[in-house]
Amino acid sequence: MKNIIIAFRSLFKKGRHNIMKIVSLGVGLAVGLVLIAKVYFEQSYDSFYPEANRIYQIWESVERDGELKDWGRTSGGTAGLMKENIPEIEMATRINPYGTWTFTMTDTKLKYKGKVIFGDSCLFDMLPRPVLAGNAKEVLSTPMQVMISSRMAKNIGGNVVGKTFTPDDAPERQLTISGVYEEIPENASDSYDVIISMPSSPRFMRANSHTNLFGNDRYISYIKLYPNTSLKSVSEGIQQVVNKYFPPEEQEKAGFKFSYTLHRLPDIHKEDPQVKRMTWLLSLLALALIGTAMMNYILIVVSSIVNRSKEIAVHKCYGAGGRNIHGMMLGEAFVHIILSLLLATVLILVFRGTVEELLDASLEALLLSKGSLILLLVCAFVFLGTGLMPGYLYTRIPVASAFRNFRESKRIWKLALLFVQFIAAGFLFTMLAFIGRQYTYMVNDNPGYSYDNLAYCEMVGIDSTARSKAIYELMRRPEVAAVTTFTQVPFWGFSGNNVYLPGTDKELFNIADHYWVGNDYLKIMEIPVIQGRSFTENVTNSDEVMVDRRFVEKMKLVAGWTDDVIGKSICVTEHCGDDMKAHTICGVFENIRLGSIDAQDERPSVLFYDNIPSRLLLVKFHRLDADGMAEVQKTISSLFPDRDLVLNAYRTELTNIYADSRQFRDSVMIGGCITLLIALIGLIGYTNDEVNRRRKEIAIRRVSGSTLMEIMKMFLKDIICIALPAIVLGGCLAFFAVQKWMEQFSEKVPLSWYIFIGCGAVVMLIILAVVSLDVRHTANDNPVNSLKSE
């Protein structure tokens, strides 16, 4: 306690640079600790469920043409089938995610949005949440009954049980709120605001969709195993079920091999390759930040040895031993850590919005969890590192320094600490350059179609007559060049269907289905037709299909087709109907990007025509600007005043799908700037101490005729010898880190050598400029001022 009190009293003592130490350490801890909390947050997904280690998701596994693919969805009846046939399974359930809906309250006519699922009556047995109102089993067993989250109930206000609302997508179907459950935590793989009872499914989709065993594989199926169950025996049981209900000979006839795999619930999110890359790189960034802050703190302490040598020697003269000196340093470190953490807390709270946006999680979820124990351990490590190492160095100061000038400079220690900081600065600066280039490339790359003047609007829940009227009214607007409808936005995830030839049962491959488009879709999107022609339009029942170049190349391999595919017939599941209707290929369009660069769908794709307007309205402007968007939005709103329809600029929505990459870029930018700043603070401290230590030498050299450049070279030589290899090493580390990060992208910028050299040169120039300015001030001082004390 005595050492802590002394440390508090010495905070503003001249020559100790305590404020500099606290600020640099506080800033480094603010960013570093938040990043570590984010890493823990990503590793803790779904671990809040009781007995989560016994809960597994069932995934479909399909092997076709030697290519094996896992799909994290199943058909509606899969979970129940497994429970019936495998005795090791304690319980089973499934949910059917149905996207985000807008609801209109029956009484107030107010609208609310929420993520919707269909859930079993036993959902909360498997994935329990505290029920605040109603009986979950009864509610989820009754048609047209729903449970809502506490967050949504709070938004609605009052006693929500018994109130009714209608989905805007299906205004004729009224749902009754019969229960409230505690909100799903943020670190859940599947979060939802509204649970519609599974018996309600036939009102929204096919009658048997929630019980069928094959097709409509949109359900997330869960099973819970009995304690101490062998996963191997369960997997063998699953294979027996597959062989019984999907006989191998039928699979072979259809041209694929089908099975199921189990994935432990807490492992699903953290084993995702993209999450693993992100957590690995964020950990590296946090290590660089906190390590740099620690090294800078120790560097400043070491630089103060000359000024504090007499003080330490006097303590030794009065009987202070190594233990006492260590106690003094630990006391100082403790006070500085506490003040740094207070500063870090203030910074985090002040920039709370930025932190939550960059890390896509609330501060409460990041910091007020079990991960806070890890943060305390990190703080303890920083405390020991900043206390023990300086203590070791100070215990080596000789007692004789109390009676004579102590000139030991500890330059080796200082340069070694600067070396580590320069590595971190070079690493992060180089990483930032490539991450920024990749992000810019993604948001500006050509996906195979033109979108700069496009906007779209979802018109679900609106009948075809009203959609046709909207097309007519919008075409009258002077800002609008063309209007059509379509079913799938190319950068969304695509549903799949299988292709087979008429008269055969063998399914050849799976395709990404664009479903239906309206008049002039390819023309509006500026997608080239490379063979044949576009659809025959304004026909009631079209039997034509258009395919992309990938489809033609795939058919060459699996069906032996030649380049000329025009006029050939194919069948596509979900489009062929009960009469096994075939469609004739009328044209081939150029490949376009499906999905995003970091989640690209490489499957062949097909287009169908429908003269009945589809659910998405596509508007092409002569020139897209804010005024034009506002006028078209006004027209849409006037046509549908009771609906919350939003016109989305295509470019804006396309850019938003790369939000994760933008957030990571911004995180690295902030971390890199702070790391470089901390390193420069340490560099300034080192240079000042070296200049002060050699002040008289500089004065004598100036009197002897040395030029300013010759004086500066004395200091720059040491810094260059340390900074150059450190920056090169940092660049090498950045090369491997950037390579790892870019594995997730199907298209990437080249890792050009000149970018590495340029980044290293920029960091080196900044370092040399800081040293030069610092030395220049002293070198230009009157030599008499430095020598008059002699």
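Bear in mind the structure is a predicted one, so any value in this text is a computation, not a measurement.
Under the 3.5 Å distance criterion, the side-chain polar atoms of Arg651 are left unmatched by any main-chain donor or acceptor of Asn453. In this structure a side-chain-to-backbone donor-acceptor pair under 3.5 Å is missing from Arg477 to Glu631. At distances below 3.5 Å, not a single donor-acceptor pair connects side-chain atoms of Gln600 with backbone N or O atoms of Phe745. Side-chain atoms of Arg129 do not come within 3.5 Å of backbone N or O of Tyr181 as any donor-acceptor pair. Between the side chain of Asp120 and the backbone N or O of Leu123, no donor-acceptor pair lies under 3.5 Å. Between the Ser596 side chain and the Ala599 main chain, a donor and an acceptor come within less than 3.5 Å of each other. At distances below 3.5 Å, not a single donor-acceptor pair connects side-chain atoms of Ser191 with backbone N or O atoms of Ala188. Arg218 places no side-chain N or O within donor-acceptor distance of the main-chain N or O of Asn96, the cut-off being under 3.5 Å.
Asp598 and Ser661 make their closest contact through OD2-OG, 4.4 Å (heavy atoms, listed as atom of the first residue, atom of the second, distance). Of all heavy-atom pairs spanning Gly448 and Ile592, the tightest one is O-CG2, 3.6 Å. What you find for Ser197 and Phe118 is that their closest heavy atoms are O-CD2, 3.8 Å. Of all heavy-atom pairs between Phe621 and Val632, the closest is CE2-CG2, 3.4 Å. The nearest pair of heavy atoms linking Glu183 to Ser149 is CA-CB, 4.3 Å. Here the closest non-hydrogen pair linking Ser150 and Leu132 is CB-CD1, 3.8 Å.
For the 3.5 Å distance criterion, the side chains of Asn497 and Thr573 qualify, holding a donor opposite an acceptor. A donor-acceptor pair shorter than 3.5 Å can be found between the side chains of Asn519 and Tyr609. A donor atom on one side chain and an acceptor atom on the other are found under 3.5 Å apart for Asp190 and Tyr222. Inspection of the Thr484 and Asp520 side chains reveals no N or O donor paired with an N or O acceptor under 3.5 Å. Side-chain contact of Thr100 with Lys115: a donor-acceptor pair under 3.5 Å is absent, judged by distance alone.
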**Request:** Could you walk me through whether Leu359 and Leu35 pass the side chain to side chain contact (heavy atoms under 4.5 Å, CB included) test, one step at a time?
**Result:** CA-CA 8 Å; Leu359 302 184; Leu35 293 178; 4.1 Å; yes
**Item:** Criterion side chain to side chain donor-acceptor pair (under 3.5 Å) on Ser221 and Thr74, from CA distance to verdict
**Value:** CA-CA 7 Å; Ser221 297; Thr74 69; 2.5 Å; yes
**Item:** Check against salt bridge (charged side-chain N to carboxylate O under 4.0 Å, His left out), Glu458 and Arg643
**Value:** CA-CA 11 Å; Glu458 295 188 64; Arg643 295 300 179 93; over 6 Å; no
**Request:** Start with the C-alpha distance between Arg549 and Glu590, add both sets of side-chain angles, then the distance that settles salt bridge (charged side-chain N to carboxylate O under 4.0 Å, His left out), and finish with yes or no.
**Result:** CA-CA 6 Å; Arg549 185 192 294 272; Glu590 187 57 86; 2.6 Å; yes
**Cys586/Phe535 under side chain to side chain contact (heavy atoms under 4.5 Å, CB included): CA gap, chis, key distance, verdict** = CA-CA 7 Å; Cys586 66; Phe535 294 109; 4.1 Å; yes
**Prompt:** Please walk me through it: do Arg665 and Gln438 pass side chain to side chain contact (heavy atoms under 4.5 Å, CB included)?
**Reply:** CA-CA 9 Å; Arg665 178 204 65 181; Gln438 178 65 24; over 6 Å; no
**Request:** Could you please spell out the steps behind the side chain to side chain contact (heavy atoms under 4.5 Å, CB included) verdict for Val34 and Leu358?
**Result:** CA-CA 11 Å; Val34 167; Leu358 288 178; over 6 Å; no
**Prompt:** Going through the distances and angles, do Thr536 and Glu544 end up as a side chain to side chain donor-acceptor pair (under 3.5 Å)?
**Reply:** CA-CA 8 Å; Thr536 302; Glu544 295 178 336; 3.2 Å; yes
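In this structure, the side chains of Leu366 and Glu356 stay at 4.5 Å or more apart for every pair of heavy atoms. Residues Arg73 and Ile220 form a side-chain contact, since some pair of their non-hydrogen atoms from C-beta on lies under 4.5 Å apart. Considering only heavy atoms from C-beta on, Tyr449 comes within 4.5 Å of Tyr650 through its side chain. Contact check for Ile511 versus Phe494: no side-chain heavy atoms found under the 4.5 Å cut-off. Considering only heavy atoms from C-beta on, Lys38 comes within 4.5 Å of Met278 through its side chain. Looking at Phe124 and Met147, their side chains come closer than 4.5 Å, going by heavy atoms from C-beta outward. You'll find the side chain of Lys163 stays beyond 4.5 Å of the side chain of Thr108, heavy atoms only. Residues Ser534 and Met546 have side chains in contact (heavy-atom distance under 4.5 Å, counting atoms from C-beta outward).
For the atom pair NZ (Lys469) and CG (Leu639), the distance works out to 6.0 Å, reported to the nearest 0.5 Å. Atom-to-atom distance recorded for Leu363:CG and Ile348:CD1 is 7.0 Å, nearest 0.5 angstrom. Met144 contributes atom CE, which lies 11.5 Å from atom OG of Ser178 (distance to the nearest 0.5 angstrom). We find the OG1-CG distance between Thr487 and Leu616 to be 7.0 Å, quoted to the nearest 0.5 Å. In this structure, the separation between CD on Glu138 and OG on Ser121 is 11.0 Å, given to the nearest 0.5 Å. Expressed to the nearest 0.5 Å, how far CG of Leu175 lies from OG1 of Thr164 amounts to 9.0 Å.
Considering Asp642, Asp644, Asp168 as possible partners of Thr104, the one that fulfils the side-chain hydrogen bond (donor to acceptor under 3.5 Å, both in side chains) test is Asp168. Residue Leu594 forms a side-chain contact (heavy atoms from CB on, under 4.5 Å) with just one option from Gln488, Arg550, Arg603, Glu602, and that option is Arg550.
More than 12 heavy-atom neighbours from other residues, nucleotides or ligands sit within 6.0 angstrom of CZ on Phe48. In this structure, Lys137 places its NZ atom where more than 12 heavy-atom neighbours from other residues, nucleotides or ligands lie under 6.0 Å away. Counting heavy-atom neighbours within 6.0 Å of Lys111 NZ, excluding the residue itself, gives a total above 12.
Aromatic ring centres of Trp101 and Phe204 lie closer together than 6.0 Å. A distance of 6.0 Å or more separates the ring centres of Tyr439 and Tyr658.
Arg151 has a carboxylate O that lies under 4.0 Å from a charged side-chain N of Asp193, or vice versa, which qualifies the two as a salt bridge.
Between His575 and Tyr515, the two ring planes are tilted [angle within 30° to 60°]. Aromatic ring orientation, Trp741 versus Phe664: parallel (interplanar angle below 30°, classes split at 30° and 60°).
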